[in-house]
Amino acid sequence: MTASSAPASSYKDTLNLLQTPFSMRANAKVREPEIQAFWAELQLYERLSQENPGESFTLHDGPPYANGALHVGHALNKILKDIINKTALLQGKRARFIPGWDCHGLPIELKVLQGLKSSERTELTPVSLRKKAHAYALEQVEGQKAGFRRWGIWADWDQPYLTLQKSYEAAQIGVFGAMVLAGHIYRGLKPVHWSPSSRTALAEAELEYPDGHTSPSVYAAFPAVELPPALGSQLSAAGLNPEDATAAGGLAVAIWTTTPWTLPANLAVSVNERLDYAICAVSGRGEAKAPAVSHLVVASELRESLETSLGLGLKPLLNVKGADLEGIVYRHPLMDRTSPVVIGGDYITTEAGTGLVHTAPGHGVDDFNTGRKYKLPVLCPVDEAGNLTAEAGPFAGTNVLKDANPTILEALEATGLLLKQERYEHRYPYDWRTKKPTIFRATEQWFASVEGFRAAALEAIAQVEWLPASGRNRIEAMVSERGDWCISRQRTWGVPIPVFYHRETGEVLLNEATLSHIQALIAEHGADVWWERDEAGLLPAEVAADAAQWRKGTDTMDVWFDSGSSWAGVLGGITGSESRAPQLHYPADLYLEGSDQHRGWFQSSLLTSVAVNGHAPYKRVLTHGFTLDEKGRKMSKSLGNVVDPAVLVEGGKNEKQEPAYGADVLRLWVSSVDYSADVPLGPGIVKQLADVYRKVRNTARYLLGNLHDFDPSRDAVPYAELPLLDQWMLQRTAALIDSVSGDFERFEFYRFFQALQNFCVVDLSNVYLDIAKDRLYVSGATDFRRRSCQTVLALVVERLAGLIAPVLCHMAEDIWQNLPYGVAERSVFERGWPTAPAEWRQPALEQPMDQILQLRALVNRQLESCRSGGQLGASLEAQVQLELGDGAESTRAALSWLEATAHPSVDNLADWLLVSGLQLGGSAPDAVLAEAAEGGITVRIARAAGQKCERCWHYETDIGHHSAHPTLCGRCVAVLS
RNA sequence: GGGGGUGUAGCUUAAUGGUUAGAGCGACCUGCUUAUAACGGGUUAGUCUGGGUUCAAGUCCCAGCAUCCCUACCA
């Protein structure tokens with residue numbers, strides 16, 4: 001080398017600069033799939049989840065619905081699960097993860113129906129519909145699966161569980177059967193949305209609420225025939241003789257309805273016990289005809305407005321609470337029977353009507369519930385076409401959508417008990433297909449009697465660990481208040497309720513023999529067999545001879561019963577079913593879903609498991625919130641704030657506007673937020689995450705790039721010989737490992753995210769690596785000064801890769817594959833969870849180092865003031881003088897500690913401050929550029945003495961002492977020679 | 001309508017009822033050109049609103065506002 005004549009820049013070639021193929025930018029679109037292919041080739045998930053030495057770990061997947069594109073909610077859920085599973089795998093556990101899909105149910109059925117031509121629809125049979133739905137669901141599963149895999153989720157993708165699989169359906173029948181045999185299943189009436197025009201029950205999703213629906217609005221008087229004694233005496237005191245009140249033409253309760261056709265089914269009048277009611281004297285007013293009663297009960301608050309709307313004088317005679325009205329018996333104005341006044345609930349308001357609600361338990365949900373409280377019968381005198389039946393007496397044969405209302409009103413008018421009739425416009429549900437109004441109609445349904453195992457369910461809840469703890473209150477309240485679970489649906493795409501009805505008597509055939517026979521049939525042929533075969537083909541041998549007498553049911557199960565049986569269908573939690581893999585166990589270690597699943601899957605799974613086995617199907621339940629936009633609003637197309645995970649990962653149409661950030665950025669987002677509440681996501685947040693991703697990546701790249709000539713087995717410096725600075729760096733690394741281990745243990749990934757950032761930015765970039773540059777670049781390649789640093793870099797980069805692996809799995813593997821020296825493990829995941837040797841933990845290093853770093857910050861501020869004054873550029877142009885006075889004791893102590901224990905070639909305060917000269921005490925330098933005193937420390941900045949060494953950029957006074965290198969300092973000359 | 005959750009700088013987040021509310025990112029200013037579509041340095045700003053309890057409130061209580069989830073439905 002002829003350095004003497006070469007231009008200064010040629011000394012650059014004598015430095016030990018970065019070399020690594022680990023690129024600064026991720027190129028995630030290409031690189032991530034390559035890494036995933038590498039894992040697949042190694043069979044990494046399969047081997048770790050089955051062959052790891054530790055205990056098994058079961059995170060049981062809640063099945064997403066097999067319809068539609070993946071959204072960020074899916075990403076949050078599945079990535080959280082994957083972070084937990086990957087952590088467990090790194091920790092040596094056998095974390096087998098069987099992904100699932102919920103495949104039955106209305107949305108898919110409707111999707112299929114919508115896709116049919118009208119000609120196809122007329123030829124449609126249940127079996128052909130089911131075949132189409134089956135195919136559709138599988139197609140959706142494949143689409144979603146591809147998305148999940150692209151996110152780097154590890155799972156048994158080739159053997160997922162689907163609720164439409166034969167074995168799953170059979171296990172579900174097993175759960176149902178066990179509940180039947182335990183006496184938890186019964187048949188009863190329940191009002192459902194019913195479409196007379198299409199003669200079917202409708203689900204909420206099949207209803208629409210067109211504008212402009214008007215109903216007859218009817219006020220009627222129901223004459224009292226009996227009063228509770230207390231009310232009677234109050235009336236006497238107010239001047240109304242109870243005997244007159246209960247005589248014809250006396251007292252009546254005023255009710256309001258918009259469905260007069262339900263009046264024949266009236267079995268009660270409900271009041272709100274907390275509302276005030278007035279008993280009023282009625283007088284005719286103007287042209288209005290006075291009704292055939294002398295007194296009316298109405299809500300006090302509505303009395304005045306009713307005077308106007310009814311055109312009556314209503315003079316208050318007595319004010320009572322709703323509770324006082326309970327026990328009045330009234331005569332039905334149209335039917336020959338009497339019924340009670342009962343206490344309803346807070347659904348009874350004074351917003352409209354009279355404050356007294358006409359109650360027909362067969363035709364309304366509130367009515368039904370109130371009726372149950374008072375053990376009223378469920379009268380439903382309407383057939384499936386909407387025709388009133390014989391039970392409706394004189395109105396039999398009229399139709400609820402046609403002549404029932406006018407006929408009934410006419411009859412009411414004739415009694416003189418019709419107070420008022422007008423048109424009323426309100427929201428009313430219509431059949432979305434026929435565009436005709438629907439009704440509420442009580443129908444026979446199948447129920448699980450929650451009452452039968454509520455106490456056990458509450459006990460089971462108490463045994464589970466709920467995270468966050470508020471989840472327990474939530475599900476506890478729901479389970480303790482909920483009614484029985486209606487598990488039947490009048491649908492085709494689902495698991496059949498395996499029951500037979502006697503064709504003549506209606507008797508139900510549902511017993512151990514039929515259940516196990518049908519379970520076996522479904523296990524062999526799938527649930528389609530229920531529709532493909534006739535009764536003779538479905539009944540067990542001993543009954544088959546009488547098959548003609550029996551009719552198979554047409555109901556299917558609520559899909560929540562499907563997914564709620566997954567502990568049986570997947571984890572083998574019921575006799576006769578097998579778990580999908582030997583590593584799975586029941587109860588599961590963990591369920592992890594959105595907080596809406598307290599009402600959904602957490603609860604349906606709990607109820608079935610408790611009913612069958614007496615305990616919860618899970619030991620812990622972790623919930624996450626919902627994904628909102630950056631302003632905390634929900635994502636919607638109309639607001640234009642939807643973040644599509646596919647676009648985020650793979651890029652949009654215009655990659656300049658919507659770059660391909662890759663799965664790791666999506667995963668980093670999941671790790672960055674406190675998911676115990678709702679989590680925000682939007683373009684600004686994505687950009688920030690991309691910045692953090694790049695910071696981590698560049699930090700790793702720097703570590704790798706400085707190890708290109710390092711082999712730990714040959715070059716590593718033993719811990720005990722490492723300089724203080726290096727020991728401090730390893731102490732920081734150990735502290736990071738410890739805190740992050742705890743963060744993952746507690747599922748507090750956002751703390752990991754914060755700690756990772758601080759580690760990369762502060763500990764590494766700002767401090768250690770900045771100081772390390774001189775050691776790495778300038779020193780001779782094999783100098784202790786450099787090898788010791790490289791020792792640390794290698795130790796840190798391997799552990800950094802491990803710590804980020806659960807979250808930034810692709811980057812972690814990319815780091816591992818770019819380690820420039822040989823390691824035993826082919827994958828970072830084979831290395832296991834990072835650990836730190838005990839000797840690294842030297843908390844005693846922290847205190848003096850903190851003092852020195854504070855001193856460094858003080859010096860930096862002064863250097864900056866010189867820089868902004870144009871007096872300095874690089875900090876190496878400066879020299880620093882320090883004086884430590886009163887108040888700087890801890891700094892003085894730290895410097896003494898440094899001096900006493902320093903490794904001279906590295907632990908040098910001037911190097912740590914990145915300045916060319918440092919003077920402690922003594923006289924102030926000439927030409928001080930900046931001076932500041934703080935906490936007893938005086939800092940003075942001056943230009944460094946000497947000239948700039950062309951190679952190491954330090955200002956030294958020994959430049960040019962060597963004739964071959966006239967622009968170099970003595971240190972660099974020594975390195976070159 | 002009912003039940004539940006959340007609300008700390010522009011963003012993500014810290015803070016057993018107890019110092020001047022702590023970080024990282026961003027933004028702005030700036031240096032370096034040996035991490036260079038990189039790296040360093042500096043600056044910046046905050047407890048949703050209003051009451052209450054307390055010597056002391058981001059933290060506990062009440063009300064309101066915003067927002068999300070569940071639920072009911074409009075007789």
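Chain naming here is simple, since letters A, B, ... match the order of the sequence lines and numbering starts at 1 in each.
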NA contact type, [X], heavy-atom cut-off 4.0 Å: base, sugar-phosphate, or nothing?
X      : value
A:R867 : base
A:V692 : nothing
A:C952 : base

For atom [atom1], what is the distance between [N] and [M], given to the nearest Å?
N     : M     : atom1 : answer
B:U20 : B:G58 : P     : 12 Å
B:G22 : B:U67 : C1'   : 27 Å
B:A57 : B:G50 : C1'   : 15 Å
B:U53 : B:C60 : C1'   : 8 Å
B:U49 : B:A9  : P     : 10 Å
B:G1  : B:C61 : C1'   : 26 Å
B:U12 : B:G26 : P     : 15 Å
B:G42 : B:G24 : P     : 10 Å

key: Under-4.0 Å salt bridge between A:D850 and A:R856   = no
key: Ion pair A:E934/A:R861, N-O distance below 4.0 Å   = yes
How many whole angstroms separate atom [atom1] of [X] from atom [atom2] of [N]?
X      : N     : atom1 : atom2 : value
A:E655 : B:A37 : CD    : C1'   : 17 Å
A:L863 : B:G40 : CG    : P     : 16 Å
A:N860 : B:G41 : CG    : C1'   : 6 Å
A:L769 : B:C32 : CG    : C1'   : 17 Å
A:E877 : B:U30 : CD    : C1'   : 14 Å
A:L628 : B:G5  : CG    : C1'   : 12 Å

Below 4.0 Å: OP1/OP2 of [N] and any side-chain N or O of [X]:
X      : N     : value
A:N473 : B:G4  : no
A:Y693 : B:C25 : no
A:K634 : B:C69 : yes
A:K695 : B:G40 : yes
A:S765 : B:G40 : yes
A:R474 : B:U71 : no
A:R701 : B:U36 : yes
A:N766 : B:G40 : yes
A:S672 : B:U12 : no

Consider only side-chain N and O atoms of [X] and [Y], and report whether a donor and an acceptor are under 3.5 Å apart.
X      : Y      : value
A:Q790 : A:N706 : no
A:T359 : A:S270 : yes
A:T20  : A:R701 : no
A:N818 : A:D814 : yes
A:N473 : A:W466 : no

Given [options], identify the nucleotide with an atom nearest to the side chain of [X].
X      : options             : result
A:P680 : B:U6, B:U12, B:U36  : B:U12
A:R633 : B:G24, B:U13, B:U67 : B:U67
A:Q757 : B:C70, B:G42, B:G24 : B:G24
A:K948 : B:A27, B:C11, B:U33 : B:U33
A:I685 : B:C70, B:U12, B:G41 : B:U12

Donor-acceptor pair under 3.5 Å: do we get one between [X]'s side chain and the base of [N]?
X      : N     : result
A:R25  : B:A37 : yes
A:Q754 : B:U12 : yes
A:E864 : B:G42 : no

inquiry  = Tell me which pairs pass salt bridge (Lys or Arg N to Asp or Glu O under 4.0 Å) where either residue lies in residues 14-27 of chain A, with sequence neighbours left out.
reply    = none
request  = Would you verify whether the NZ or CZ of A:R697 falls within 45 degrees of the ring axis of A:F22 while also being under 6.0 Å from that six-membered ring's centre?
outcome  = yes
inquiry  = Applying a 3.5 angstrom cut-off to the pairing atoms, does RNA chain B sit in any stems of at least three consecutive Watson-Crick or G-U pairs? List them by first number.
reply    = B:1-7 with B:65-71, B:10-13 with B:22-25, B:26-31 with B:39-44, B:48-52 with B:60-64
